[in-house]
Structure formats: structure tokens, C-alpha cells
Amino acid sequence: MLRYPGWLLGYLWWLLKGCYAVARVFLVDARVLLGVAVKIPTVSFSASEQNTTALKEFDQLLRRVFPKIFSSSLVQHEMVGNYSHLLTVPGSEPDLEPYMLLAHIDVVPADEADGWDAPPFSAQELNGFIYGRGTIDNKQSVMGILQALEYLLEQGYTPRRSFYIGLGHDEEISGPQGAVNIVKLLKSRGVKLLYVLDEGLTIMDGVVDGLIGPGALIGVSEKGQATVKLSVSTPPGHSSMPPRESSIGILASAVTRLEKNRMPNLFGHGPERATFEHLAHKFGWPYRMVMSNLWLFSSLVLEGQPDTNAFVRTTTAVTMFNSGVKINVMPAYAEAFVNFRIHSSQTLQEVLKLIKSTISDERVKVEFVSGFDPLPISSYDEDTFGYQIIKKTVHDIFPEVTVSPGICVGNTDSRHYTELSPDIYRFAPSWYKPGDSARFHGVNERISIQNYEEIVLFYFQLMQNSDIRNLPGPRT
Ligand SMILES: CCCCCCCC/C=C\CCCCCCCC(=O)N[C@@H](Cc1ccccc1)C(=O)O
Ligand SMILES: [Zn+2]
Ligand SMILES: [Zn+2]
């Protein structure tokens, strides 16, 4: 029998393990990783109802598929608020101000019966797309960021600039345990961040009439919110002798007034003006003429579609309506909840005042439920490190894309980070094409396999691009 010296066997074993690790990271199909993440139903139903079993399973998954990250002596890993993750990657040049990448693990509920082409937690592949809840909101970023870091660690990379990765577990219920506690922890350590990048806007392709070619919108702010409860109380009674107006009818008229009298079109008063100034040269005739007079034509071009309309005004969404107990009993009580997303140029107080004056019916009780002002506008000029590095990275990976600032129409965990950094951006390089607006929190949420690979590359490049000390100076 052949006998090999122990050291040779040891060496061969070490080599085999090394090759396996490299192959596992570099050759493993990126889509498999996203797929396994999507299959875990990390659903946030409400503040009191989260799928904690799935959140624990997700934690185990991350440790299993990213062994370099979780075994590295460089990377510090902490669980925050039980299920959120904070990773600290110290740079070799501690005088460089750190940056932070954010994403979230939780997803909104999904029901196959609503009309999905594939079960929402199956990660089934159809025509080059992975279908499933979380594929664009926001497991593509969770897995993309970690896969990029795993690649870099595999290559023996040590960043020059320190960075943090925050993965929230309750963003879909506004981040009370995850983002809020990560921020508290970082504040207690005296951390200040050069920039923060979270989910948000995307690469728009074909969604704005007349815009030639794709445009990456980097969210430099996000809208505020106001949720109000409207209620009407009337005496109950027999439905055979009804009063002229029921509580339901009075309430229905009030919500109809809110829907019919939309909040004003404020195009030009917020950062959406800069969006179109940056994109103006990409509009073809006759839109170019329209673009140069956008203040006049914004209603024509932008108000027609729900996604572009959300850019120009405070939006009004009646989201809940409850009343009635029996078909022959006049309802004593009716209530509705209305959710407003506040345009950058308005305040919460102004919107609350407008709501009351629009309803203008003393029988309708208007109660403030929750809300906050629009977020501050982060800088997007030539000297702003974060914005310019994100922009450069978009160009590195997507050379054909025009980059412009935008307003994020939804809210993100990053809104809790304002005390840590003035420069907060909301962007993930997912492609957003006609029809895709209905996939966010809707049916048939999906991502193309190619896009997921682009996302991994984007974060891989961003981590390296962020390592420069200063932006290159102006050309002379
Ligand atoms: C040229 C104009 C084009 C405009 C296009 C607009 C395109 C929109 C593209 C992407 C959609 C953005 C989604 C942003 C992420 C939103 C994440 C989210 O859903 N957050 C929740 C958070 C929340 C807040 C408060 C209570 C509960 C949850 C949300 O906003 O509802
Ligand atoms: Zn999200
Ligand atoms: Zn969401």
C-alpha cells in the first residue's frame, strides 16, 4: 500500500480546502444565494407580529453562506435588537472617516392567491427572473453587499477606509428595534459617517415619457409622512328607517373630498427640479422643449402615472376603512385611515392643516396617528464624496446610465441616521421598468439574474471606490 508522509497529506488537504473555498465563493451561482434568502419568509406583519423563527433562520443562513465574513478576524459582527446585524470593517487608515451601507432583511407579507406567477417564497426562476418577496425590497441588497464583502475578504482585501454594514430586521414596520438601536450603539461610540447608502430609488428605464436611455436616481432625501384617522359617530337604528346620511356615507364623502382635491403640485419647489435639470439633455424632441418649461408642463408629463406623480406632490392614500356590524343595523361608527407622503417643500403641520380644511366637516373627527417631516436634503454637488463615489460606481458598472439626484418616495431605515451623517443616499441599482412600480409590496416582485449579478458587482466596486482619500481635484 502506498504511504504518503503526513505533511504531504496535510498540504494536499489544505490546498483542496483553499481551492474549494475560492471556487465556492467565486463560482457558486449568485442566484442560488439570493434564492435561499428569498425562501426564508422573514415577514414583518406589524410591530407585534414578526416571523422571529424566520429571522433566526436567516441569521443561520448568513453565517453558513458567508464563512469568510463570519470567521474573519478583521470583521466585527454584532446582533442588535435581537435580529439585526451590525458589521464593522476597520480600515487600515483610521483617520479616514467611515461610511455605512444599509439594507433590510424583513419583507412585507405576500399571498400567492393575489395573482403571483410563482409562489412568493419559492424563488422560482421564470424567463431569467427570480420571483419572490424581497427580490427587489430588499434582500438583493442584503445578499449583494455581503457577497461583495465575502469576495473581497477572499482576495485578502483590507479596506483603507473603515465601513459599517447595517442590516435591519424591522424596516417594514419603520425600524424601531433594528435601525434605531444600531444608531444608538454607533452614537454611543462617537461614530460619525462620511456617507450612508440605503435602499431607495433605482435605475429608471422607460418610465418617464420622452427620456432617452436609463437614468439612475440617487435619493438625496425622502418624503415625510402623515397618517390620520378619520371617524364619524351617528346614532344606531333600524335600516328600514335610515337617516339621510349614514356614518359610512359621511365618512365616504370626506375621503372622496381628500382624493378629489389632491395636495398641490409642487414641482420645482424641491429636489425634483434638480432631477430634471440633470436629465434634461437626455430628453428627445418635442420633450426637450417641454423639459425647458417643466414648471408649466409638469402636470402633463408627471401627474399621469402614480410613480411620477409621487415625485411632484404630497400623495393621499386611503388605506383602511372599517364600519358596520349587520346588514339591517345603521352603523354607529365608521373609521378610515389615510396615509400621506409629504413632498420635500411641505411640513407635517402644513399638511395636517390642509387635511382639515379639505374635509371641512365638523362631523368628521380627524386624529393625528403618526408622522414626520420630509428628511433633510443631502448634498449632491461636485465636492460631495458620498454622492460622487456612488455616481462613479454607477458609471463603472452601468456606463450607459445617466445619474441624477431624486427624492425617495417611500421611507427607509436611513431616516434614523440623520444624527450620524448629513449625507444620506437612497439607491440600489435594480432596474425599474414600466409595470415595475406594482411589484414593490405588490404581486410578482422579481429581479433578473443578470441584475442581481450587477448588484453584487456594484457593491464590490463601491467598497473599493470608497477607499480613495479625496475626490480627484478639478481638472486644470
Ligand atoms: C422621474 C420620476 C420617477 C419617479 C419614480 C419613482 C420610482 C420609485 C422607485 C422605487 C420605489 C421606492 C421604494 C423605496 C423603498 C421604500 C421602502 C418601504 O416600503 N418603506 C416603508 C417604511 C415604513 C415607514 C413607516 C411605517 C411603516 C413602514 C414605507 O415607506 O412604507
Ligand atoms: Zn425596503
Ligand atoms: Zn418595503
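The chain is numbered in sequence order, starting from 1. Atoms within each ligand, like the ligands themselves, are counted from 1 in listed order. The figures here come from the full heavy-atom set of this structure, side chains too, leaving out hydrogens, waters and symmetry mates. Model, not experiment: these values are computed from the prediction.
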Practice prompt. Measure from NZ or CZ of Arg161 to the centre of the six-membered ring of Phe385, then state whether that distance is under 6.0 Å and the direction lies within 45° of the axis.
Written response: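 Ring-cation test returns yes.
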Worksheet entry | First-shell residues of ligand 1 [heavy atom, distance under 4.0 Å] |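 If the criterion is a heavy atom under 4.0 Å, then ligand 1 touches Glu171, Glu172, Ser174, Glu199, Gly200, Met204, Val208, Gln225, Phe276, Asp307, Thr308, Phe311, Arg341, Cys408, Gly410, Asn411, Tyr432, Phe440, His441.
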Worksheet item: Who are the salt bridge (charged side-chain N to carboxylate O under 4.0 Å, His left out) partners of Lys184, not counting sequence neighbours?
Response: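 Lys184 satisfies salt bridge (charged side-chain N to carboxylate O under 4.0 Å, His left out) with no residue once adjacent residues are dropped.
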Worksheet item: Which class fits the ring pair Phe283 and Phe276: parallel under 30°, tilted 30 to 60°, perpendicular over 60°?
Response: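 Tilted.
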Side chains of [X] and [Y] only: does a donor on one sit below 3.5 Å from an acceptor on the other?
X	Y	value
Thr347	Asp373	no
Gln346	Thr314	yes
Ser162	Tyr99	no

Which atom pairs, donor and acceptor, lie under 3.5 Å between side-chain atoms of residues 80-89 and protein residues at least two apart or in another chain?
{"from": "Ser84", "atom 1": "OG", "to": "His169", "atom 2": "N", "distance (Å)": "2.9"}
{"from": "Ser84", "atom 1": "OG", "to": "His169", "atom 2": "ND1", "distance (Å)": "2.6"}
{"from": "His85", "atom 1": "ND1", "to": "His77", "atom 2": "NE2", "distance (Å)": "2.8"}

Fill in: Under 2.8 Å from the Zn ion (ligand 3), the protein N, O or S atoms, given as residue and atom
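Only Asp137 OD2, Glu172 OE1, Glu172 OE2, His441 NE2 fall inside 2.8 Å of the Zn ion (ligand 3).
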Worksheet entry | 4.5 Å side-chain heavy-atom contact, Leu185 and Asn181 |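 They are not in contact (no side-chain heavy atoms under 4.5 Å apart), so the answer is no.
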Worksheet item: Hey, do the aromatic rings of Tyr195 and Tyr387 have their centres closer than 6.0 Å?
Response: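 No: the rings miss the under 6.0 Å criterion.
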